[in-house]
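Presented below is the structure to which this report refers.
In what follows, chains carry the letters A, B, and so on, assigned in the order in which the sequence lines appear, proteins first and then strands, with residues in each chain numbered from 1.
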Number of protein chains: 2
Amino acid sequence: MGRPRGFDREAALDAALMTFWEHGFDAASVARLTGAMGITPPSLYAAFGDKKALFREVVARYQATWGAYFGDALAEEPTASGGIALALHRAAAAFTDDAHPRGCLVISSAVHCTPDATDVADELRDIRNANLLLLEERLRSDGEPAPATRARYAGTILQGMSQQARDGATRAELEAVAALAWPPPVAPALRTGTASGVAAG
Amino acid sequence: MGRPRGFDREAALDAALMTFWEHGFDAASVARLTGAMGITPPSLYAAFGDKKALFREVVARYQATWGAYFGDALAEEPTASGGIALALHRAAAAFTDDAHPRGCLVISSAVHCTPDATDVADELRDIRNANLLLLEERLRSDGEPAPATRARYAGTILQGMSQQARDGATRAELEAVAALAWPPPVAPALRTGTASGVAAG
DNA sequence: GCATTTCCGTAGTGAGCGCTATAGAATGCG
DNA sequence: CGCATTCTATAGCGCTCACTACGGAAATGC
């Protein structure tokens with residue numbers, strides 16, 4: 001009942017996702033967001049609540065779509081170590097995909113923020129640390145040695161690769177880094193979605 | 001001639017350094033800076049120019065002081081590989097030192113910024129990429145294989161460790177990551193400033 | 001047609017941003 | 001001393017921030 005919404009909510013959410021991904025939480029002003037979403041501020045606030053709520057919805061959508069490659073890779077491979085190798089390899093491709101901004105939204109979009117937005121930065125940090133714990137448990141259940149250290153090592157690589165991508169590293173360069181950081185136990189040619197002929201050095 | 005300055009310029013610069021280090025360029029407002037520096041805005045602008053000029057001076061001071069450990073380690077060790085191992089080990093300690101904010105200022109203080117401050121973010125990225133090139137040349141001159149990939153790999157580790165430190169990782173955890181990432185060719189006990197008994201896992 | 005409900009564009013809220021005009025205070029020089 | 005010079009503090013500049021009051025437009029239910 002009443003006048004229906006005049007824009008596609010999911011499309012607007014995706015536009016907001018790209019804006020937050022590229023500029024981060026603080027630098028993505030409401031004016032920038034509404035410009036990218038093709039709506040006006042009142043429509044944004046009616047549909048999503050406020051800027052923080054929109055960001056939280058964006059993060060959830062990111063985790064369910066663009067950011068799902070890591071968990072998928074872990075689930076596909078029989079061993080945790082192999083899953084991490086595959087995940088880092090896919091991260092190299094994902095972080096440099098021209099279809100969206102570079103790097104990882106969860107890693108880079110809120111490293112610093114203004115005093116009244118510290119909670120969103122804390123939430124992203126909690127997500128990262130929770131993922132670290134999940135990774136550690138997966139390694140431990142596989143009987144791997146030093147699961148906590150190896151989980152944190154994988155997280156370190158991933159976060160470093162994200163910033164490297166933002167600094168201009170190419171997909172091939174990141175794939176070489178991933179291969180050096182976590183050598184795969186199986187032949188790379190057997191992987192899915194692999195770019196052949198990784199240049200090293 | 002004239003009234004002398006009523007505050008210590010270097011002390012104020014150090015206070016600004018800590019503020020930028022902790023909050024990043026954007027979130028470190030002039031009000032926050034002047035509060036930490038113990039001066040008023042006109043004094044800041046008379047002594048340092050504007051916010052960007054102050055930040056550039058802070059970055060230079062950081063590189064000459066807190067951020068000098070990496071180049072120092074490279075210069076101390078006879079081989080590039082050994083120097084990187086030592087540098088990463090020292091980074092683990094530096095990034096978690098309670099005497100200052102966590103992580104690396106050059107890495108974390110300007111990953112995102114508002115539209116009229118993109119130049120300072122670009123400058124920091126240029127510094128990072130220049131350091132990467134220096135590292136690559138050092139590896140190449142030492143006859144190491146795949147110097148570009150190994151240099152980028154070291155940079156990836158360093159950037160990842162910086163964010164890990166900001167996410168709450170302890171010094172021991174980061175040292176374990178560093179040891180896993182770049183195993184030292186010499187016994188760790190021979191190093192300087194090393195914490196004994198690194199816990200792995 | 002009509003009343004009702006919801007959405008949308010204009011315009012503007014108070015607050016904080018980087019930055020500065022202005023006036024007073026503190027020094028060195030004669 | 002008076003004077004010139006430089007620093008400091010108050011106060012406020014124009015601007016953008018996240019956010020919203022308001023009136024008109026567009027849809028539904030009767």
Side-chain angles (χ1 to χ4, degrees), chain A residues 1-13 15-17 19-20 22-59 109-110 112-123, chain B residues 1-13 15-17 19-20 22-59 109-110 112-123:
Chain A
M1 167 182 308
R3 175 178 174 179
R5 177 178 291 128
F7 61 93
D8 184 346
R9 193 182 189 276
E10 283 217 356
L13 184 61
L17 191 154
T19 306
F20 277 128
E22 180 173 2
H23 300 292
F25 179 80
D26 276 333
S29 66
V30 172
R32 245 183 179 170
L33 288 165
T34 55
M37 299 162 85
I39 61 176
T40 55
S43 299
L44 187 153
Y45 284 88
F48 300 101
D50 64 354
K51 186 182 174 184
K52 287 183 185 179
L54 171 61
F55 182 72
R56 293 192 181 97
E57 204 164 329
V58 157
V59 170
S109 68
H112 282 125
C113 53
T114 48
D116 48 44
T118 54
D119 46 355
V120 305
D122 290 346
E123 288 166 21
Chain B
M1 167 181 301
R3 176 177 173 179
R5 177 178 290 128
F7 60 94
D8 183 345
R9 194 182 187 278
E10 283 219 356
L13 184 61
L17 191 154
T19 306
F20 277 127
E22 181 173 3
H23 300 292
F25 179 80
D26 276 334
S29 66
V30 172
R32 245 183 179 169
L33 287 165
T34 54
M37 298 163 86
I39 61 178
T40 54
S43 298
L44 186 154
Y45 284 87
F48 299 100
D50 64 353
K51 186 184 174 184
K52 288 183 184 178
L54 172 61
F55 182 71
R56 294 192 180 97
E57 203 164 332
V58 157
V59 170
S109 68
H112 282 126
C113 52
T114 48
D116 46 45
T118 54
D119 46 354
V120 304
D122 291 345
E123 289 166 20

Next item on the list: Find the distance B:R9:CZ to D:dT6:C1' and express it as a whole number of Å.
Entry: 16 Å

Notebook entry, point to check: Between A:D8 (CG) and C:dC8 (P), how many Å, whole number?
Noted result: 12 Å

Next item on the list: Starting from the 5' end of DNA chain C, give me the residue, A:P4 or B:A28, whose nearest nucleotide shows up first.
Entry: A:P4

Next item on the list: Could you tell me the separation between the CG atom of A:D116 and the P atom of C:dG16, rounded to a whole number of Å?
Entry: 9 Å

Notebook entry, point to check: Toward the 5' end of DNA chain D, which comes first, B:R5 or B:P115, by nearest nucleotide?
Noted result: B:R5

Item checked: Donor-acceptor pair, side chain of A:R32 and main chain of A:T19, under 3.5 angstrom -> no

Check: Ion pair present between B:E123 and B:K52, side-chain N to carboxylate O less than 4.0 angstrom?
Finding: no

Margin query: Does any part of the side chain of B:L54, heavy atoms only, come nearer than 4.5 Å to the side chain of B:F20, both counted from C-beta?
Written below: yes

Check: Roughly, in whole Å, what's the span from CZ in A:R3 to C1' in D:dG24?
Finding: 9 Å

Checklist line | Strand contacts (DNA chain C) in residues 29-57 of chain A, 4.0 angstrom heavy-atom criterion | finding: A:T40, A:P42, A:S43

Checklist line | Any side-chain heavy-atom pair of B:L13 and B:L17 under 4.5 Å | finding: no

Next item on the list: Anything under 30° is parallel, anything over 60° is perpendicular, the rest tilted; go ahead and classify B:F55 against B:F25.
Entry: perpendicular

Note to self: So, taking the atom named CG in B:D119 and the one named CZ in B:R56, what distance separates them when rounded to the nearest 0.5 Å?
What the structure shows: 5.5 Å

